[in-house]
Amino acid sequence: MSAFVQQAGAFLASFDVEYAVEPPFVHFAQRRLSFHLVELEPSLYPAFFQDLSIRYEQRGIRLVHLWEDVYVRQTPLAQSRICALLGNSERIFARNTEVRRIDQSVLNDFLNIHHLQGSTQAKYKYGLFHEGVLMAVASFSAVRPLPRNGKMHQSYELIRFANRSGYTVTGGLSKLLNAFIAEVRPDDIMTYADRDWSIGQSYEQLGFTCVADTPPQAFLVHPQSMVRYYPHRLPEGRSREELLPKGYITIYNAGNKKYLSLQNNY
């Protein structure tokens with residue numbers, strides 16, 4: 001058993017919630033939630049984790065793929081997300097917060113600390129403040145004109161949403177979405193749910209509809225450095241063929257679920 005499996009397993013076992021261990025899985029049956037502790041090894045086939053997620057979802061169980069590199073490199077943030085899933089984060093109600101527009105630097109500072117995938121550029125950026133403290137953010141793309149039913153409509157993407165680590169703002173995403181909709185008046189909003197962590201329930205509760213499953217994303221990672229690289233963003237401009245003999249391996253995540261929320265009828 002690797003150090004990662006021991007450490008992550010011990011953290012999951014520390015919650016005062018009934019659980020069962022079926023290596024490499026830890027199941028929380030009452031919450032319909034399971035964690036898959038994924039050691040860094042080449043994926044068996046590209047769709048392995050996606051297929052596994054789908055099988056669990058068909059049984060009404062949310063499966064989280066907790067990757068070794070993610071847990072080791074971002075332990076506090078990964079543990080914060082686990083706490084939120086297991087109901088062990090401090091809750092603040094969105095009605096007690098204030099929505100404000102924020103700038104890119106504030107967004108970057110927040111997401112680079114409180115989101116596993118860090119920050120990205122965004123056109124529209126909103127924050128929820130509680131007693132002057134930024135507790136959650138949401139960022140949106142610029143407009144993307146798209147044809148539908150013979151008409152052009154104004155489409156936007158919800159790019160990132162994150163709570164402050166250790167906290168859950170109940171109703172926070174809804175309040176941020178409503179602020180964006182009131183200001184921008186989009187025809188639709190699309191977003192993605194990372195299937196390594198989510199099956200999209202929060203989006204569905206807000207009226208989003210799952211319209212597609214995206215293919216699993218490939219990454220190259222070295223088991224020692226545990227730094228992930230997209231195939232088109234490899235270090236020092238090297239090719240995949242150059243990196244594989246140096247100990248890099250190819251892994252595939254579980255893909256995403258694509259969601260769409262129509263704001264106007266077309």
Side-chain angles (χ1 to χ4, degrees), residues 62 77 80-81 84-85 87 89-146 148 152-214 256-266:
R62 178 177 184 170
L77 186 49
S80 176
R81 289 204 65 174
L85 291 173
S89 58
E90 186 170 344
R91 290 189 175 272
I92 294 174
F93 291 100
R95 64 174 177 267
N96 297 324
T97 66
E98 177 189 359
V99 179
R100 300 182 205 163
R101 289 286 295 269
I102 58 176
D103 62 26
Q104 187 68 44
S105 64
V106 172
L107 180 76
N108 291 343
D109 289 345
F110 191 92
L111 288 176
N112 287 332
I113 295 173
H114 303 294
H115 196 289
L116 285 170
Q117 297 176 351
S119 188
T120 61
Q121 289 294 313
K123 174 69 173 178
Y124 300 94
K125 304 161 282 283
Y126 299 84
L128 284 181
F129 291 81
H130 179 257
E131 298 179 351
V133 178
L134 183 58
M135 301 304 302
V137 300
S139 62
F140 301 83
S141 71
V143 64
R144 298 168 181 173
L146 294 174
R148 183 168 67 228
M152 296 301 295
H153 70 287
Q154 308 300 301
S155 180
Y156 297 79
E157 180 182 352
L158 167 60
I159 302 172
R160 290 280 193 273
F161 168 73
N163 289 293
R164 177 174 289 273
S165 299
Y167 293 84
T168 298
V169 182
T170 303
L173 178 55
S174 176
K175 189 166 184 174
L176 289 165
L177 276 169
N178 288 336
F180 171 74
I181 292 167
E183 178 178 351
V184 180
R185 298 190 180 279
D187 291 330
D188 73 48
I189 304 170
M190 60 82 61
T191 193
Y192 295 95
D194 178 1
R195 214 165 193 160
D196 276 352
W197 285 91
S198 173
I199 56 176
Q201 298 137 306
S202 60
Y203 295 127
E204 292 172 5
Q205 291 168 359
L206 293 172
F208 284 78
T209 300
C210 183
V211 294
D213 291 315
T214 67
N256 298 305
K257 299 180 75 172
K258 182 178 179 180
Y259 281 89
L260 184 66
S261 175
L262 301 180
Q263 301 301 312
N264 289 312
N265 294 323
Y266 278 81

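Keep in mind that what you see is a predicted model, and the values were worked out from it rather than measured.
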d(L107 CG, K125 NZ) to nearest 0.5 Å is 7.0 Å
> Should E157 and I159 count as side-chain neighbours, where that means a heavy-atom distance under 4.5 Å?
Replying inline: yes
Walk me through whether K123 and S141 qualify under side-chain contact (heavy atoms from CB on, under 4.5 Å). CA-CA 5 Å; K123 174 69 173 178; S141 71; 5.8 Å; no
Worksheet item: Is the F180 to F140 ring centre distance short of 6.0 Å?
Response: yes
**Flag for Y124-E183: side-chain donor and acceptor within less than 3.5 Å** = no
Quick check: does any side chain N or O of R160 sit under 3.5 Å from a backbone N or O of G118, one acting as donor and the other as acceptor? yes
(message) side-chain contact (heavy atoms from CB on, under 4.5 Å) for S198 and R62? Distances and angles first, verdict last.
(response) CA-CA 7 Å; S198 173; R62 178 177 184 170; 3.9 Å; yes
One should read off an interatomic distance between L146 CG and Q154 CD, to the nearest 0.5 angstrom, of 9.0 Å
What one should report as the nearest heavy-atom pair of M190 and S155 is CG-OG, 4.4 Å
One should read off an interatomic distance between Y203 OH and L158 CG, to the nearest 0.5 angstrom, of 5.0 Å
Review point. Below 4.5 Å, heavy atoms only, C-beta onward: do F110 and I102 meet side chain to side chain?
Key: no
Treating D188 as the side-chain partner and L262 as the backbone partner, does any N or O pair qualify as donor plus acceptor under 3.5 Å? no
Here the gap from I199 atom CD1 to E204 atom CD, rounded to the nearest 0.5 Å, amounts to 7.5 Å
Between N108 and T120 the two heavy atoms that sit nearest each other are OD1-O, 4.3 Å
Show me, pair by pair, the donor-acceptor contacts under 3.5 angstrom made by side chains of residues 166-175, not counting sequence neighbours?
residue	atom	partner	partner atom	Å
T168	OG1	S89	OG	2.7
T170	OG1	R91	NH1	3.2
K175	NZ	A94	O	2.8
K175	NZ	T97	O	2.5

The reported gap from CG in N96 to CE in M135 (rounded to nearest 0.5 angstrom) is 11.5 Å
In this structure, CZ of F161 is separated from CG of L176 (nearest 0.5 Å) by 6.0 Å
Shortest non-hydrogen pair, C210 vs K257, comes out as SG-CE, 3.7 Å
Criterion side-chain contact (heavy atoms from CB on, under 4.5 Å) on F208 and L177, from CA distance to verdict | CA-CA 12 Å; F208 284 78; L177 276 169; 3.8 Å; yes
Check whether R164 reaches the backbone of V137 with its side chain - one donor and one acceptor, N or O, closer than 3.5 Å. no
query = Counting N and O atoms only, with roles assigned by atom type, does the side chain of Q205 sit under 3.5 Å from a partner on the main chain of G200, one being a donor and the other an acceptor?
reply = no
Check step by step if side-chain contact (heavy atoms from CB on, under 4.5 Å) holds for N163 and H114.
CA-CA 7 Å; N163 289 293; H114 303 294; over 6 Å; no
